[in-house]
K.L.:
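I have a structure here, written as structure tokens, and I will follow up with some questions on it.
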Amino acid sequence: MSAQKETLGFQTEVKQLLKLMIHSLYSNKEIFLRELISNASDAADKLRFEGLAKPELFENDPELKIRIAFDKDARTVTIADNGIGMSRDEVVSHIGTIAKSGTKSFFEQLSGDEKKDAHLIGQFGVGFYSAFIVADKVTLTTRRAGEAEAVRWESQGEGEYTLESVEKAERGTEIVLHLKEGEDELLNDWKLKGIVRKYSDHISIPIEMKKGSGYGEDGEVVVSDELEAVNSASALWTRSKSDITEEQYQEFYKHVAHDFTDPLAWSHARVEGRQEYTELLYIPSRAPFDLYDRERKQGVKLYVRRVFIMEDTEKLMPHYLRFVRGVIDSNDLPLNVSREILQESKDIDAIRAGCVKKVLGLLEDLSSNQPEKYEAFWKEFGQVLKEGVGEDHANKERIAKLLRFVSTTSEGVEPTVSLADYIGRMKEGQDKIYFITADTLAAAKNSPHLEVFKKKGVEVLLLVDRVDEWVTGSLFEFDGKALQSVAKGALDLGALEDEADKEAQKQVEEASKPVVEKVQKALGEQVKEVRATARLTESPACLVAGEHDMSAHLERMLKAAGQKVEGSKPTLEINPEHVLVKKLAGEADEARAADLAQVLYDQALLAEGGKLEDPASFVKRINKLMLELSA
Ligand SMILES: Nc1ncnc2c1ncn2[C@@H]1O[C@H](COP(=O)(O)OP(=O)(O)OP(=O)(O)O)[C@@H](O)[C@H]1O
């Protein structure tokens with residue numbers, strides 16, 4: 001064993017994080033204790049789990065606990081646990097570096113503006129480093145259960161830390177905080193116990209401190225050597241609902257989710273029947289920074305009869321509910337359940353299905369009874385929930401009811417229209433739910449495809465999230481009404497059109513045959529077909545995809561993502577009433593007519609957010625036509 005002290009440097013990100021955190025969290029500095037207790041409790045959970053297979057790890061000391069002490073003279077606060085501890089390598093990789101995936105992109109988001117970044121730091125979670133909010137030196141001594149060597153890590157939080165091998169009889173981790181000037185209020189029995197009760201009452205193992213035995217002359221508590229548990233020390237989810245306060249639920253959430261903000265809502269239930277389990281599931285109020293990171297692991301924690309087993313989103317929650325946090329505690333699964341067993345387990349499938357129903361029920365309840373909260377939820381997680389329409393066949397209808405969109409009747413830009421709202425406002429004779437997909441709200445709102453719908457006062461949903469193509473590719477109808485893209489297929493307004501409309505359209509088609517042919521000839525292979533439109537009232541032309549073809553918007557998205565797409569040709573619809581089209585119809589000069597036809601096509605492509613293959617020729621053509629017109 002080498003007792004030599006080594007000095008190592010923090011990873012750059014750690015330095016950045018420390019600086020930012022000390023500044024932005026100072027006003028909420030008490031949370032350091034919650035974070036350190038939370039880690040200690042996790043360490044106990046890990047030991048209990050590893051100890052199932054290797055009981056010798058308990059080293060004849062099976063009572064898991066956390067101890068907090070302070071020393072007025074030395075001006076230190078100590079948090080010790082007899083959990084799993086850390087090996088030397090673990091100390092280096094967990095404490096000297098940030099091993100979270102997505103860390104790099106998180107740091108790229110930081111603006112340098114402390115106020116804005118303070119919000120982001122909450123999303124990232126600061127954990128152990130929060131010790132440096134109140135301490136100017138932290139000494140962590142740890143010995144991994146079952147190992148002989150202990151290691152001492154020490155740092156002043158300024159870019160470097162030292163490591164040395166030491167002796168430590170008790171397994172686990174002891175953290176000594178050397179308080180900064182001005183933090184002496186923490187050297188107080190009453191104060192520390194108050195913080196523990198406030199933030200960590202729900203921790204399932206005892207948090208022990210010395211017992212008070214009266215008051216001294218200075219009015220301060222005199223402590224005895226006897227220890228007492230400051231917290232309730234029972235797993236929160238095992239308590240009955242009526243015994244848990246709102247604050248306790250909230251603090252427990254912060255512990256399981258490693259979050260700083262209060263949750264939006266939660267569901268706590270004991271399920272009996274074929275499967276017996278307790279679930280305490282939370283909807284966070286804010287999305288974490290790595291919500292879209294496929295590598296992200298943290299999710300719902302699985303316990304079996306109070307013993308922590310693992311934390312894994314995929315097995316316990318489907319991907320589209322990956323924002324859900326909390327605990328599922330099964331009474332039936334075997335304690336030695338492994339990831340492989342879980343993979344195959346019918347019991348887990350049943351628990352998962354039950355929990356999904358609970359979460360959807362919770363969301364339904366919010367949407368009906370607390371619409372403001374639901375709006376807040378939708379803002380943070382709506383796009384993720386939308387994935388469920390394609391992912392969870394069994395619950396498709398329920399998820400569809402929870403969807404919210406912007407529509408042509410929306411006042412602002414917030415998605416607040418549900419499919420049921422839409423159906424409730426449908427015009428007489430309307431039998432479809434119309435929608436348009438586009439890259440931006442402006443592109444959707446101003447699309448020529450909407451003109452006839454505006455004229456008839458028919459509402460159209462404006463779908464501008466990337467995931468919307470996935471939604472409309474999986475959801476074909478809602479409540480017996482088909483979902484119909486306004487940019488696909490021949491326009492069929494059903495009973496929204498009266499006989500007179502249909503007759504007029506027929507006549508227009510008949511009359512515009514020559515100009516349609518002219519355009520068709522000029523555009524040749526670029527289009528599948530040219531036809532006179534019933535959609536347009538103001539624009540001269542628009543492009544329409546085939547009923548069963550991929551939408552132009554999806555095609556562009558896939559191409560942008562680097563996929564090879566065999567695009568299908570669009571149909572060009574022209575508006576024979578438009579002056580430009582009339583001009584084209586009467587144009588005797590074949591070359592100029594061809595130029596006009598090409599401009600019509602190019603404009604239609606641009607108007608729906610497409611990209612011209614040959615923009616320079618488009619500009620040349622436009623300039624030529626403008627000069628000719630002004631001559
Ligand atoms: N008391 C402890 N006993 C054993 N391991 C610990 C202890 N405290 C921290 N660790 C290890 O260090 C890692 C990093 O801790 P840290 O608090 O920085 O982050 P975290 O708890 O993983 O996540 P978060 O930052 O979201 O709180 C932990 O994941 C754990 O492996």
Side-chain angles (χ1 to χ4, degrees), residues 10-11 13-18 20-21 25 31-51 57 64-68 77-103 106-107 120-133 138-147 150-153 155 157 161 163 168 170-177 199-200 203 205 207 251 253-261 284 286 288-291 293 295-299 301 308 310-311 325:
F10 280 128
Q11 183 193 21
E13 279 90 350
V14 177
K15 270 191 265 180
Q16 247 178 304
L17 183 70
L18 280 171
L20 179 64
M21 190 199 60
L25 293 179
I31 55 109
F32 82 91
L33 198 54
R34 173 184 80 200
E35 296 298 311
L36 297 181
I37 291 176
S38 191
N39 282 346
S41 158
D42 287 348
D45 271 354
K46 284 181 199 158
L47 175 63
R48 215 182 275 138
F49 178 63
E50 285 193 25
L57 291 182
L64 295 170
K65 51 183 160 265
I66 299 167
R67 278 200 195 130
I68 299 177
V77 172
T78 301
I79 296 102
D81 66 69
N82 59 352
I84 191 75
M86 281 177 274
S87 67
R88 189 186 189 92
D89 287 350
E90 283 169 335
V91 171
V92 173
S93 67
H94 295 329
I95 305 289
T97 48
I98 307 174
K100 287 186 201 185
S101 62
T103 299
F106 170 77
F107 281 96
L120 289 170
I121 197 103
Q123 274 176 299
F124 189 73
V126 289
F128 170 75
Y129 298 116
S130 59
F132 287 102
I133 306 176
V138 176
T139 311
L140 173 148
T141 312
T142 185
R143 180 170 70 77
R144 202 178 201 288
E147 289 184 13
V151 61
R152 176 164 297 150
W153 177 101
S155 174
Y161 60 90
L163 269 187
K168 186 172 187 299
E170 196 186 42
R171 65 152 194 272
T173 304
E174 180 195 81
I175 297 168
V176 180
L177 309 178
Y199 293 109
S200 306
I203 293 290
I205 55 173
I207 303 170
E251 285 310 325
Y253 164 77
K254 289 176 191 163
H255 164 61
V256 276
H258 296 254
D259 194 356
F260 275 66
T261 358
R286 259 185 1 208
F289 75 101
D290 55 354
L291 187 62
D293 190 334
E295 302 293 308
R296 128 181 261 274
K297 266 267 166 305
Q298 238 182 50
K301 289 183 169 182
F308 169 70
M310 65 183 79
E311 183 160 21
R325 296 283 173 271

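When a ligand or atom number is given, it counts from 1 through the structure's own listing order.
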K.L.:
Which ligand 1 atoms, with their elements, are less than 4.0 angstrom from a heavy-atom of Phe128?
P.N.:
16 (P), 17 (O), 18 (O)
K.L.:
Checking contacts here: is it the side chain or the backbone of Asp81 that comes within 4.0 Å of ligand 1, counting heavy atoms only? Could be both or neither.
P.N.:
side chain
K.L.:
Does ligand 1 have any atom sitting under 4.0 Å from a heavy atom of Glu90?
P.N.:
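Heavy atoms of Glu90 never come under 4.0 Å of ligand 1.
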K.L.:
Please assess Ser155 against Phe132 for the test side chain to side chain contact (heavy atoms under 4.5 Å, CB included), listing each intermediate value before the final yes or no.
P.N.:
CA-CA 9 Å; Ser155 174; Phe132 287 102; 4.0 Å; yes
K.L.:
Among His94, Glu174, Glu35, His258, which one has a heavy atom closest to atom 31 (O) of ligand 1?
P.N.:
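Residue with the shortest heavy-atom distance to the ligand atom: His94.
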K.L.:
Measuring only between side-chain heavy atoms, which start at C-beta, is Glu35 closer than 4.5 Å to Ile79?
P.N.:
no
K.L.:
Do Trp153 and Val138 come close enough that some side-chain heavy atom pair is under 4.5 Å?
P.N.:
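SC-SC contact between Trp153 and Val138 confirmed.
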K.L.:
Do Phe128 and Ile175 have side chains that get closer than 4.5 Å, going by heavy atoms?
P.N.:
yes
K.L.:
Tell me whether Tyr129 has any N or O atom under 3.5 angstrom from an N or O of ligand 1.
P.N.:
no
K.L.:
If the threshold is 4.0 Å, N to carboxylate O, is there a salt bridge linking Lys301 and Asp42?
P.N.:
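Result for this pair is yes, salt bridge flagged.
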